[in-house]
Amino acid sequence: MPKDRTISAEEMAQQKDYINKIKQMTDARETKPLAFVETYGCQQNSSDSEKLKGMLDEMGFGFCESPKEADFVLYNTCAVRENAELKVFGNIGALKHQKRRNPELMVGVCGCMMQQPHIAETIRKKYTHVDLCFGTHALYRFPQLLYDVMKKQRVFDNANEDGSIFEDVAYHRDGPPLAKIPIMYGCNNYCTYCIVPYVRGRERSRDKEHILAEVRAVAAEGYKEVMLLGQNVNSYGNDLADGLSFAQLLREVCRVDGIERVRFMTSHPKDLSDELIAAMAEEEKICKQLHLPIQSGSDRVLKLMNRKYTRAQYMELIRKVRERMPDIVLTTDIIVGFPGETNEDFEETLSVLKEVAYDSIFSFIYSKRVGTPAASMEDCLTDEEKHQNFDRMLALQNEISKRKNDMYLNTVQRVLTEGVSKTDAAVLTGRTEGGKVVNFAGDTALCGRFVDVKITKTQTWSLFGECL
Ligand code: SAH
Ligand code: SF4
Ligand code: F3S
């Protein structure tokens, strides 16, 4: 039998008590205290932030758009690359003066970075204006931790645990039409460059009934599209007794009325099954879009990365996917400059990009992560060579992306309108089924609705069109 990783009802009731205690404290104030919550990293982290904000809602907090107006600043951090960490340290450092001027300000840091012992130690010693520091495993204890902070204690909760799941939490979601639904947490894959398994714990799947209840609930609230989240969604259910596969779960999600589009992130190539490809092809609601990280085109490097597939196996997946869904939008992740990567290895990555012709890629220069196996591997290339390779790759991909987008010219796309453009209030922005961003002029009343848009102009990263 799988270990029951769900936090018990008693423990959740205890946290509820802390929520109520804090609510009494905030109710006693003349005005609502304001929280500023900023999120770094992946969709998983933004989903966690929706839970943290949900708890803050219940505790009587309001929200503000800048740390300057806040009574409580919370950074939910990402540890995947060094630049993400540096940004967080910069932002925490910047609060030092504000805290000196206003000692009542509460400063909190949480998320993946804080699950690393050396980072928590740095915060403890060098960032003494931080009141609250907790890792991913302590998320459900947030009410208790914040209560202690409000009672003027400095709180650290970074214990390493296997990882748990907690249900029955009120989300403060980003508005319709898109809802993020976590279906599993953690990762067991231990790619040699990656910190995620160390900061997120072992793979654990949510119970199917909890997931479906959540999908039904967001449908009732008017959400039209769900994004099912996990570090490796293809291994959903491996740890559960009921044996439901990810493909079966997807089909059940498609049966929920009101939800018109279903997406998921991320698929590991080693676990992408024929059953999943069939479900994608057959279910109309599943968007014809697949993010399938390859990381490198060289078998030697893939082996060093512990990715457990070869280039040929990966290409066979792409062939099968395209055979069933010829127009599918494909994206990937690539790491440039992995330790031991040579210029010849890099050429193989370029040749994969040409061969697959992805719609777009997410590319990163390798960043050394403390405690991962790759951190002690020998480097072959200089930083300069890595940057040169990176730039060459971007130039190649930009050409491919533009060519791919050009194919949409004069077609009519069904677009789910997400909101108003950040740069122009008269322009709406939305996505095609394949996940491509489309900008078009239109009335804000269209937000959250499906519209047919004729594509009149294309760029590398987005499409432009006219609402029909
Ligand atoms: N679980 C997902 C994504 C995890 S992190 C997956 O397996 O695909 C997102 C991306 O960050 C990874 O796909 C990888 O390309 C990149 N990444 C992870 N660790 C990195 C590191 N140490 N340096 C550079 N990029 C990294
Ligand atoms: Fe990291 Fe690999 Fe797990 Fe993705 S599959 S989260 S890259 S260890
Ligand atoms: Fe970053 Fe944690 Fe996601 S390390 S990429 S926020 S799982």
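Note that the structure is predicted; figures quoted are calculated from it, not measured. In each ligand, atom 1 is the first atom listed, and ligand 1 is the first ligand listed.
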Exercise for the section: Kindly identify the option in Q44, R369, Q231 whose heavy atom sits closest to atom 7 (S) of ligand 3. Expected result: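 Checking each option, the heavy atom nearest atom 7 (S) of ligand 3 is found in Q231.
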Problem - Under-4.0 Å heavy-atom contact with ligand 3, by part of M113 that carries it - result: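 For M113, there is no contact with ligand 3 at all, from either part.
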Problem - Side chain, backbone, both or neither: the part of C112 lying under 4.0 Å from ligand 3 by heavy atom - result: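 Side chain only.
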Practice task
Using 2.8 Å as a strict upper limit, say whether an N, O or S atom of C191 approaches atom 1 (Fe) of ligand 2 that closely.
Solution key: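 Coordinating: no.
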[atom]: which protein heavy atom is closest, and how many Å away?
| atom | result |
| --- | --- |
| atom 11 (O) of ligand 1 | R81 NH1, 3.0 Å |
| atom 5 (S) of ligand 2 | N189 ND2, 3.4 Å |
| atom 4 (S) of ligand 3 | A79 N, 3.3 Å |
| atom 1 (Fe) of ligand 2 | C194 SG, 2.3 Å |
| atom 7 (S) of ligand 2 | Y193 OH, 3.3 Å |

Between [X] and ligand 1, which part of the residue brings a heavy atom under 4.0 Å of the ligand: side chain, backbone, both or neither?
| X | answer |
| --- | --- |
| H268 | neither |
| Y193 | both |
| Q231 | both |
| P293 | side chain |

In terms of atom number and element, which parts of ligand 1 are under 4.0 angstrom from non-hydrogen atoms of [X]?
| X | answer |
| --- | --- |
| V80 | 5 (S), 18 (C), 19 (N), 20 (C), 21 (C), 22 (N) |
| I365 | 24 (C) |
| R369 | 22 (N) |

Problem - No-hydrogen, no-angle side-chain donor-acceptor test under 3.5 Å, E341 and Y366 - result: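 Absent: no donor and acceptor within the cut-off.
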Exercise for the section: For H291 and T331, test the side chains for any donor-to-acceptor distance below 3.5 angstrom and give the result as yes or no. Expected result: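 There is such a pair (donor and acceptor under 3.5 Å, judged by atom type) between the side chains of H291 and T331.
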Practice task
Please find out if atom 3 (Fe) of ligand 2 and some N, O or S atom of C187 are separated by less than 2.8 Å.
Solution key: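 For C187, the answer is yes, given that an N, O or S atom comes within less than 2.8 Å of atom 3 (Fe) of ligand 2.
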Exercise for the section: Could you tell me whether ligand 1 has any atom less than 4.0 Å away from a heavy atom of V196? Expected result: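 No heavy atom of V196 comes that close to ligand 1.
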